[in-house]
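Reviewing the structure listed below.
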Amino acid sequence: MKLSLALLALCNHHLSLAFVRSVKTLYPCTRSFSTSFVTNMSSSSTSSIESNLESVRSRVQSACEASGRSLDEVYLVAVSKTKPLNLLKEAYDNNQRIFGENYVQELISKAQDMPNDVEWHFIGTLQSNKASSLVKSVVPKASSLTIETVTSTKLANKLNNAMQDFEDENLEIFVQVNTSREESKGGVAPEDVLTLCQHISNSCPKLHLKGLMTIGAIGDLKCFDTLVKCRDEVAPALDRTDLFLSMGMSGDFEEAIARGATHVRVGSTIFGAREYPVKD
Ligand SMILES: *Cc1c(COP(=O)(O)O)cnc(C)c1O
């Protein structure tokens with residue numbers, strides 16, 4: 001299944017390239033073509049979503065090869081918070097389908113405007129009182145919605161309730177772990193992860209526990225090892241062998257892949273530095 005999707009994505013890519021080429025033949029002076037020509041051929045520092053994505057993908061591939069992992073084990077979440085829609089569309093046109101967002105209103109609005117085969121990941125702090133509007137607005141507009149930042153039974157219950165309107169769908173969930181135990185970071189303490197995962201698994205039938213997520217302290221790769229340990233505790237207790245690990249950002253995604261990440265959340269390396277400070 002995964003393989004055929006990958007092949008399909010590849011075919012789409014080639015089709016769209018062929019399309020661009022044929023457009024060029026018909027309209028040799030179109031501006032959009034000359035732009036893509038420059039980015040395709042240029043080895044200068046020209047920054048574009050297309051070349052940034054290409055470079056991140058090839059770094060993901062090299063990191064997989066270096067640790068003997070298969071490329072299809074690792075998903076790239078393109079973190080587009082604070083970035084305008086046209087940049088997301090550019091990534092979409094380059095076959096990116098998984099996007100990460102941090103703010104409820106921003107995600108709701110982008111999900112309205114992007115094609116509905118996007119897989120959205122919410123990766124910001126989620127207040128329980130916004131859980132319902134997030135779910136009810138985004139689920140109907142998306143291929144799927146994943147909340148990576150579930151940190152309490154209260155939030156899990158709210159999400160589970162909000163999903164009651166959607167008969168045939170489940171909400172994808174990661175439990176966020178505060179592996180660095182920093183006050184500034186969200187997440188449950190490593191010793192509390194199992195209890196929350198058991199609650200989701202036993203008492204929230206509309207939620208599907210997909211795995212564990214962490215941010216970690218900058219430069220402290222032991223945080224990734226802590227997340228792996230949490231997974232190794234939870235998986236046998238829930239009789240699961242398929243729990244994912246979301247860890248690694250622009251500065252450390254290759255190290256995270258070496259340590260077992262299945263989802264890397266990369267923002268600024270794809271979309272450029274964020275221009276205004278991140279609100280909370
Ligand atoms: C912003 C953000 C990212 C992406 O960070 P970059 O350093 O820009 O790649 C990843 N994860 C979370 C939780 C974030 O808030």
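Each ligand, and each atom within it, is numbered from 1 in the order the structure gives.
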*Would you check whether Glu148 reaches within less than 4.0 Å of ligand 1, judged by its heavy atoms?*
no
Donor-acceptor contacts, no H, no angles, side chain residues 210-229, under 3.5 Å, sequence neighbours left out:
from   : atom 1 : to     : atom 2 : distance (Å)
Lys210 : NZ     : Thr146 : OG1    : 3.3
Thr214 : OG1    : Val177 : O      : 2.7
Thr214 : OG1    : Thr179 : OG1    : 2.8
Asp220 : OD1    : Lys222 : N      : 3.1
Thr226 : OG1    : Lys222 : O      : 3.1

*For Asn102, atoms of ligand 1 separated by under 4.0 Å from a heavy atom*: 14 (C), 15 (O)
*Considering the heavy atoms of Val266, write down every atom of ligand 1 situated less than 4.0 Å from one of them.*
9 (O)
*Could you tell me which atoms of ligand 1, counted from 1 in the order shown, lie closer than 4.0 angstrom to a heavy atom of Ile123?*
11 (N), 12 (C), 13 (C), 14 (C)
*Nearest to atom 2 (C) of ligand 1 by heavy atom, His263, Met249, Lys81: which?*
Lys81
*Which of the numbered atoms in ligand 1 are below 4.0 angstrom from a heavy atom of Arg265?*
4 (C), 9 (O), 10 (C), 11 (N), 12 (C), 13 (C)
_Between Glu101 and Lys83 (salt bridge meaning N to carboxylate O under 4.0 Å), is one present in this structure?_
no
*Is any side-chain N of the basic residue among Glu255 and Arg259 closer than 4.0 Å to the acidic one's carboxylate O?*
no
*Between Gly267 and ligand 1, is there a nitrogen or oxygen pair with a distance under 3.5 Å?*
yes
*Quick one: does Thr269 get an N or O within less than 3.5 Å of an N or O on ligand 1?*
no
*May I ask you to list the atoms of ligand 1 that are less than 4.0 angstrom from any heavy atom of Ser250?*
6 (P), 7 (O), 8 (O), 9 (O)
